[in-house]
**Student:** 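Have a look at the structure that comes next, please.
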Amino acid sequence: MKETVHIWDWPLRLFHWLLVIAVVGAYITGKLGGDLTDWHGRIGGLILGLLIFRIIWGFVGTTHARFVNFFPTFGRLVAYFKGNWHGVGHNPVGAFSVFALLAVLTVLAATGLFANDDIAFEGPLFSLIDKSLSDKLSGIHALALDVLMGLLALHMVAIAFHQLVKKNNLVLPMLTGRKQVPKDLASSIPSVGALRLLMTVVISSTLVWSIWSGGVANYFNPVDSLQTAAVRLGW
């Protein structure tokens with residue numbers, strides 16, 4: 001006997017689909033380059049903000065959004081492969097995929113802040129390091145992209161496997177938030193919490209804005225900051 005319950009909260013679902021769109025946009029603009037390079041950087045800023053949001057939401061969000069409730073521990077993985085795991089959120093293997101994707105995307109976003117393309121693009125924190133280190137981080141950025149493509153391919157294969165073999169639609173619940181689960185596991189998730197959500201959005205937005213507006217770079221380069229201020233004042 002199964003029952004339809006609310007599994008994924010709407011902020012988590014919105015994060016998921018915005019991240020999908022942003023990753024596609026970043027990949028396309030990065031590959032095409034040219035005049036789209038600046039857009040690649042802007043979309044990278046959006047991805048950074050989404051990642052910060054997800055990390056915070058992983059601690060303060062609703063039940064199935066919290067990392068502690070689906071972290072792929074050794075015990076959970078063993079139970080899953082033995083067929084003894086019972087749950088309604090991410091299964092341990094799916095959770096492993098989630099953490100791997102978040103980790104690689106974090107590396108991409110972080111290295112992109114310091115990267116350069118030897119032509120016109122420099123990340124917002126490029127001035128904090130020397131050119132040789134920026135070149136190395138740019139190389140790591142490119143390598144991380146290859147790893148991400150591999151993980152995404154595995155992710156798509158897993159979705160297809162669950163849909164075609166296990167008859168378990170993983171996409172629809174991430175659209176509607178609702179999923180059919182065994183009645184003995186059915187339980188409603190708590191409300192999102194307007195204050196928690198607002199604070200999470202404010203923190204993630206503020207951090208990204210401070211980075212891309214130059215505030216962070218100026219903080220670590222006070223001389224440059226004073227020079228910039230002097231120019232603006234006409235001194």
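Note: hydrogens, waters and symmetry copies are ignored here, and every other heavy atom, side chains too, is used. Since the model is a prediction, treat every value here as computed from it, not as a measurement.
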**Student:** Report yes if some heavy atom in the side chain of F15 is under 4.5 Å from a heavy atom in the side chain of F53; otherwise report no.
**Tutor:**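 In contact.
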**Student:** Would you mind reporting whether H141 and L108 have side-chain heavy atoms less than 4.5 Å apart?
**Tutor:**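 Heavy-atom side-chain distance check passes, below 4.5 Å.
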**Student:** Among I47, L18, L46, whose side-chain contact (heavy atoms from CB on, under 4.5 Å) with V23 holds?
**Tutor:**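 One option only clears the test, and that one is I47.
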**Student:** Clusters formed by hydrophobic residues whose side-chain heavy atoms approach within less than 4.5 Å: which one holds F74, and what are its other members?
**Tutor:**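 Besides F74, the cluster holds V78.
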**Student:** Atom NE2 of H155 and atom CG of L170: how far apart are they, to the nearest 0.5 Å?
**Tutor:**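 Answer rounded to 0.5 Å: 8.0 Å.
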**Student:** For residues 189-203, run the donor-acceptor check on the side chains, cut-off 3.5 Å, and write out each pair with its distance to 0.1 Å, sequence neighbours left out.
**Tutor:**
residue : atom : partner : partner atom : Å
R196    : NE   : V192    : O            : 3.4
R196    : NH1  : V60     : O            : 2.6
R196    : NH2  : S191    : O            : 3.0
R196    : NH2  : V192    : O            : 2.6
T200    : OG1  : R196    : O            : 2.7

**Student:** Between L105 and L50, is there a side-chain heavy-atom distance shorter than 4.5 Å?
**Tutor:**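 The answer is no; the side chains never approach within 4.5 Å.
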**Student:** Determine whether V5 and V88 make a side-chain contact, defined as any pair of heavy atoms from C-beta on separated by less than 4.5 Å.
**Tutor:**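 Side chain of V5 against side chain of V88, heavy atoms only: no contact under 4.5 Å found.
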**Student:** Check which hydrophobic residues are tied to V93 through side-chain heavy-atom contacts below 4.5 Å, counting indirect links as well, and list them.
**Tutor:**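 L77, Y80, F81, W85, all in the cluster of V93.
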**Student:** When Ile, Leu, Val, Met, Phe, Trp and Tyr are grouped by side-chain heavy atoms lying under 4.5 Å apart, directly or through other members, which residues fall in the same group as V68?
**Tutor:**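 Under the 4.5 Å side-chain rule, V68 groups with nothing.
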**Student:** Transitively linked via ILVMFWY side-chain contacts under 4.5 Å: V107 with V208?
**Tutor:**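 Hydrophobic grouping puts V107 with V208.
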**Student:** Nearest 0.5 Å, what's the OG1-CG distance between T176 and N169?
**Tutor:**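 Between atom OG1 of T176 and atom CG of N169 there are 9.0 Å.
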**Student:** Taking only residues two or more places apart in sequence, or in another chain, which ones meet V98 in a side-chain contact (heavy atoms from CB on, under 4.5 Å)?
**Tutor:**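 side-chain contact (heavy atoms from CB on, under 4.5 Å) list for V98, sorted by chain: F70, H90, L102.
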**Student:** Would F121 and L143 show up in the same hydrophobic cluster when neighbours are defined by side-chain heavy atoms closer than 4.5 Å?
**Tutor:**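 Looking at the clustering, L143 is in a separate group from F121.
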**Student:** Applying side-chain contact (heavy atoms from CB on, under 4.5 Å), can you list everything that pairs with K131, at least two apart in sequence or on another chain?
**Tutor:**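 For K131 the side-chain contact (heavy atoms from CB on, under 4.5 Å) partners, ignoring immediate neighbours, are N116, D118, F126, D135.
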**Student:** Measuring from L125:CG to T111:OG1, what's the distance to the nearest 0.5 Å?
**Tutor:**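 Reported to 0.5 Å precision, the distance equals 11.5 Å.
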**Student:** Are I129 and K136 side-chain neighbours, meaning at least one heavy-atom pair lies under 4.5 Å?
**Tutor:**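 A side-chain contact is absent here, since even the closest heavy-atom pair is not under 4.5 Å.
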**Student:** So which heavy atom on R42 is nearest to which on W212, and how close?
**Tutor:**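 Looking at all heavy atoms of both residues, the closest pair is N-CH2, 4.4 Å.
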